[in-house]
Amino acid sequence: MSDVSTDNRGKATMEKITSLAKRRGFVFQSSEIYGGQSGAWDYGPLGIELKNRIARNWWREMTQLHDDIVGLDAAILMHPRVWEASGHVENFTDPLVDCKKCKARFRADQIPQENLSSKKCPDCGGELTDTRKFNLMFKTHIGPVEKNDDSNAVYLRPETAQGIYVNYKNIIQSSRMKIPFGIAQIGKAFRNEIVTKNFIFRTCEFEQMEMQYFVKPGTDVEWFNKWKERRWAYYEKLGVKMDSLRWHQHGSDELAHYAKDAYDIEYLFPMGWKELEGVHNRSNYDLSRHAQFSGKDLQYIDQENNNERYIPFIIETSAGLTRTLLMLICDAYDEEKVADKGSGGTEASGDDWRTVLRFHPAIAPVTVAVLPLMKKDGLAEMALDIRQELKEDYTTDYDQAGAIGRRYRRQDEAGTPFCVTVDYESKENGTVTLRFRDSMEQVRVHKNELASRLREEIKAYKRTK
Ligand code: GAP
């Protein structure tokens with residue numbers, strides 16, 4: 001039932017993750033029946049549940065748990081001057097080289113230096129072109145006709161952050177926020193990426209979860225360190241394997257044009273250590289530039305401090321939502337040899353492997369699956385009634401097809417943390433089997449106590465494997 005090859009048994013590879021994601025309806029290639037659209041992906045029934053849960057979890061963390069952070073949902077299309085002010089028109093570029101022979105295209109900073117200096121294609125040995133700058137923003141136009149002078153050109157936003165900066169005064173005025181305070185936003189961003197390999201890791205259309213925290217100049221280093229700590233703790237709370245995370249400080253050659261200091265949280269993906277989230281000290285660059293380009297006064301007036309005026313510094317935490325989804329699938333992925341459980345033959349015996357996604361129950365796409373041992377004798381009806389009740393509080397699944405052991409495996413592969421099995425004893429005394437994904441242990445619980453028991457289990461969940 002899983003595509004575990006014997007060589008790679010027990011190991012997560014991108015191939016296995018991609019195949020499981022497709023097979024179980026997490027992620028599909030965009031426009032697949034037309035041969036696929038590179039750099040774009042579609043999220044299937046389990047994928048969208050997972051993505052929504054990650055987003056909700058982050059949103060809760062940022063807004064509900066922080067009195068000093070409010071939310072925003074700004075438009076993807078913004079005034080084109082925004083991107084001149086932000087520096088993206090001038091600086092948001094990748095260095096690009098092409099092979100004249102095989103036509104392969106590379107990011108100059110991602111091929112060996114010796115290929116670059118000898119202008120030799122790393123794929124076929126053919127001659128490479130000179131390096132040229134390539135702007136990553138997608139350009140389109142407003143109105144029915146594209147004008148030659150670009151006067152109606154607009155860009156699809158390459159980061160959600162700018163929507164926050166241009167609304168910072170609106171939010172102070174409408175919500176009476178006082179510095180220090182933050183604005184959180186989740187939304188799509190678009191980049192014309194040259195290299196779009198590694199599944200959904202780097203795509204042209206993706207989603208970001210960004211929080212911009214406005215602070216008094218001089219307090220920025222302290223807040224930067226605080227946000228670094230908080231973001232690290234966030235992943236710990238999500239149950240991520242902490243030895244698969246590390247910090248990487250940007251060197252002077254890596255710093256973005258706006259950054260005073262920047263650290264990435266990197267995750268050990270199957271293809272190596274890669275950026276997951278950035279924590280940036282953006283100084284007062286963005287607001288100063290917007291003040292300059294818009295002609296508006298974007299100074300903060302500190303009424304509690306003799307009306308002191310200043311342009312705030314900004315500490316940014318910027319995570320990819322779709323990249324976090326990939327990370328969480330990789331992190332949850334496990335293949336396990338299943339020992340003979342013996343108890344009623346409900347789990348496998350002998351040489352059997354299971355593929356299991358050990359998602360934290362707070363983000364698992366399905367929280368609980370209800371399974372009648374048999375379709376007949378009223379067990380299916382009872383199971384459907386139980387599902388109906390659990391639906392009010394949890395995302396549920398129902399499966400009555402095939403042997404119970406196989407049904408558990410299907411739920412393991414989808415990352416469902418709890419299964420409830422209705423059997424003949426259930427009819428006699430109202431108890432059901434509650435089966436735990438990670439340990440495969442089973443306990444009997446009265447059906448009336450299921451909802452509250454699940455709540456306790458979710459709250460107390462600690463990943464052990
Ligand atoms: N506002 C700052 C900013 O956008 P970034 O380092 O360019 O900083 C932040 O991006 C995060 O967005 C990254 O850490 C990554 O998780 C995600 N991200 C960036 N480009 C992406 C892409 N092409 N595909 C998927 N996720 C991407």
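In listed order, ligands and their atoms are each counted from 1. For the numbers below, each heavy atom of this structure counts, side chains included, while hydrogens, waters and symmetry mates do not. Because the structure is a prediction, the values reported are computed rather than measured. For the single chain, residues carry numbers from 1 onward in sequence order.
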Quick one: nearest non-hydrogen protein atom to [atom], plus distance?
atom	result
atom 9 (C) of ligand 1	S318 OG, 3.0 Å
atom 2 (C) of ligand 1	E316 OE1, 3.1 Å
atom 24 (N) of ligand 1	T203 N, 3.0 Å
atom 12 (O) of ligand 1	Q208 NE2, 3.3 Å
atom 20 (N) of ligand 1	R191 NH1, 3.2 Å
atom 16 (O) of ligand 1	L276 O, 2.8 Å
atom 26 (N) of ligand 1	F206 CD1, 3.4 Å
atom 25 (C) of ligand 1	F201 O, 3.2 Å

Aromatic ring pairing F138/F190, orientation class (parallel under 30°, perpendicular over 60°, tilted between):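 Perpendicular: the ring planes of F138 and F190 meet at over 60°.
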Within 45 degrees of the axis of the six-membered ring of [Y] and under 6.0 Å from its centre: does [X] put its NZ or CZ there?
X	Y	answer
R230	W227	yes
R282	Y258	yes
K139	Y155	no
R435	F418	no

Any donor-acceptor N or O pair under 3.5 Å, side chains H250, D264: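 Present: a donor and an acceptor within the cut-off.
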Polar side chain donor-acceptor pair, Y394 to E392, under 3.5 angstrom: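 On atom types as modelled, these side chains do not qualify, holding no pair under 3.5 Å.
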Salt bridge flag under 4.0 Å for residues E413 and R23: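 Answer for the salt bridge query: yes.
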Heteroatom distance test (E159, ligand 1): nitrogen or oxygen, under 3.5 angstrom: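 It does: an N or O of E159 is found under 3.5 Å from an N or O of ligand 1.
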G320-ligand 1 polar pair, N/O distance under 3.5 Å: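 In this structure, G320 places an N or O atom under 3.5 Å from an N or O of ligand 1.
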Heavy atom of [X], distance to ligand 1 below 4.0 Å:
X	value
R282	yes
Y258	yes
H280	yes

Region of E275 that comes within reach of ligand 1 [heavy atoms, distance under 4.0 Å]: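 Only the side chain of E275 comes within reach of ligand 1.
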Enumerated ligand 1 atoms positioned under 4.0 Å from heavy atoms of E277: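 Selected atoms, number and element: 14 (O).
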Sub-4.0 Å atoms of ligand 1 with respect to non-hydrogen atoms of E210: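 Numbered from 1, ligand 1 contributes 1 (N), 2 (C), 3 (C), 4 (O).
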Pair [X] and [Y], ring centroids less than 6.0 Å apart:
X	Y	answer
W223	Y213	yes
Y168	F214	yes
F199	F201	no

Nearest option to atom 15 (C) of ligand 1, as decided by whichever heavy atom of E207, R323, M209 sits closest: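 Residue with the shortest heavy-atom distance to the ligand atom: R323.
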